[in-house]
Amino acid sequence: MKLYWFKAQAPQRVLALAKHLGLAPELVKIDAAGGGLKAPDYLALNPNAKAPTLVDGDLVLWESAAIMAHMCMKAGSDMWPVNSPAEQVDVLRWLVWSDSQWSPAVGPFYFEHIIKAQFGMGPPDAAALEKAGPPLRKQARVLNRYLETSRHVACGRLTIADFHLAAMASYWRNADMPFVEFPNIVTWLDGLEQIPAWADPWPAE
Ligand SMILES: N[C@@H](CCC(=O)N[C@@H](CS)C(=O)NCC(=O)O)C(=O)O
């Protein structure tokens, strides 16, 4: 297996999972700032010009959720519960919610504080952050309520939905996300940090 990555949230989930499952894909770091995502060879694999991308024999996969599901099947892990349709649907619900509701809400904070600093794009835009506050609180209320009765988002145990949702939010303290108002989210994120592969997903460089 070959996994194309650079230091960003979607690759982070996949790298953390690979490490957690004990998979050792060949890692190919993309020079995103230098145009690596738009290089013809890479576009042939992933026409979205985004990371991550997984190549496993003849299979070429993009979308981190699909890559994580594939890795779990490969490793025989129930973090993607193929043997329990009801659980699978629960995980799927949160993967879809993550991409459709959560990521757009968390994204501006992640971009303004983390991505801009990483790529030397100047200081955070205070007006953009002000505007992003209410939509993030709206989604955080939903997540916080579900985490009232469980330490994990789906199935009452660790699944790929946790890694998918937590990827951008794990930077919340540095990115000024207002999660002190949502204690169940803080407990959940701090709990994930106890997982070694989650706490340190990045390959040595
Ligand atoms: N839904 C996709 C999102 C992929 C994505 O947006 N990747 C970002 C990094 S987190 C990227 O490659 N961005 C580069 C760009 O947009 O130029 C997934 O989960 O894989």
Side-chain angles (χ1 to χ4, degrees), residues 1-21 23 25 27-56 59-74 79-80 88 91-122 124-125 128 132 135-136 139 143 153-154 159-172 174-175 177 189 192 197-198 200-203 205:
M1 276 195 297
K2 218 177 212 185
L3 181 62
Y4 293 79
W5 71 285
F6 73 100
K7 205 159 185 181
Q9 49 87 19
Q12 176 191 352
R13 319 168 160 132
V14 169
L15 286 168
L17 182 71
K19 200 168 178 178
H20 186 65
L21 296 179
L23 297 173
L27 300 177
V28 183
K29 187 169 184 190
I30 303 165
D31 178 9
L37 291 163
K38 298 199 171 91
D41 285 3
Y42 188 71
L43 284 175
L45 298 174
N46 188 337
N48 302 291
K50 293 194 186 297
T53 302
L54 182 82
V55 178
D56 187 6
L59 176 72
V60 179
L61 257 190
W62 33 265
E63 283 300 330
S64 54
I67 295 171
M68 287 196 291
H70 179 78
M71 284 179 163
C72 286
M73 292 190 288
K74 197 109 187 162
M79 284 179 72
W80 173 240
Q88 207 173 19
V91 175
L92 179 61
R93 176 249 299 265
W94 284 107
L95 294 174
V96 173
W97 188 80
S98 181
D99 266 340
S100 63
Q101 310 293 329
W102 182 240
S103 295
V106 174
F109 287 84
Y110 184 77
F111 176 75
E112 293 297 335
H113 287 284
I114 309 295
I115 295 289
K116 277 185 161 179
Q118 191 177 330
F119 290 99
M121 295 164 72
D125 177 342
L136 180 55
Q139 304 306 337
L143 182 57
V153 290
T159 68
I160 59 172
D162 292 294
F163 281 9
H164 202 284
L165 284 160
M168 282 191 284
S170 60
Y171 295 87
W172 72 277
N174 294 337
M177 296 175 197
L189 289 171
L192 289 176
W198 182 256
D200 181 19
W202 305 112
E205 292 194 58

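Numbering of ligands and ligand atoms starts at 1, following listing order.
Looking only at side-chain heavy atoms (C-beta outward), W202 and K7 come within less than 4.5 Å of each other. Counting heavy atoms from C-beta outward, L45 and V55 have side chains that approach closer than 4.5 Å.
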Between ligand 1 and the protein, give all atom pairs where both partners are nitrogen or oxygen and the distance is under 3.5 Å, as lines of names plus distance to 0.1 Å.
from     : atom 1 : to  : atom 2 : distance (Å)
ligand 1 : 1 (N)  : E63 : OE1    : 2.7
ligand 1 : 1 (N)  : E63 : OE2    : 3.4
ligand 1 : 7 (N)  : A51 : O      : 2.8
ligand 1 : 12 (O) : A51 : N      : 2.8
ligand 1 : 16 (O) : K50 : NZ     : 2.6
ligand 1 : 19 (O) : R13 : NH1    : 3.4
ligand 1 : 19 (O) : S64 : N      : 3.3
ligand 1 : 19 (O) : S64 : OG     : 2.6
ligand 1 : 20 (O) : S64 : N      : 2.8

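In this structure, W97 and W102 have parallel ring planes: the angle between them is below the 30° cut-off, well short of the 60° mark.
For D125 and K116, the salt-bridge test fails: no basic side-chain N is under 4.0 Å from an acidic carboxylate O.
Residues D56 and H70 have side chains that bring a donor and an acceptor to within less than 3.5 angstrom of each other. Defined by atom type and a distance below 3.5 Å, a donor-acceptor pair is missing between the side-chain atoms of S103 and Y110.
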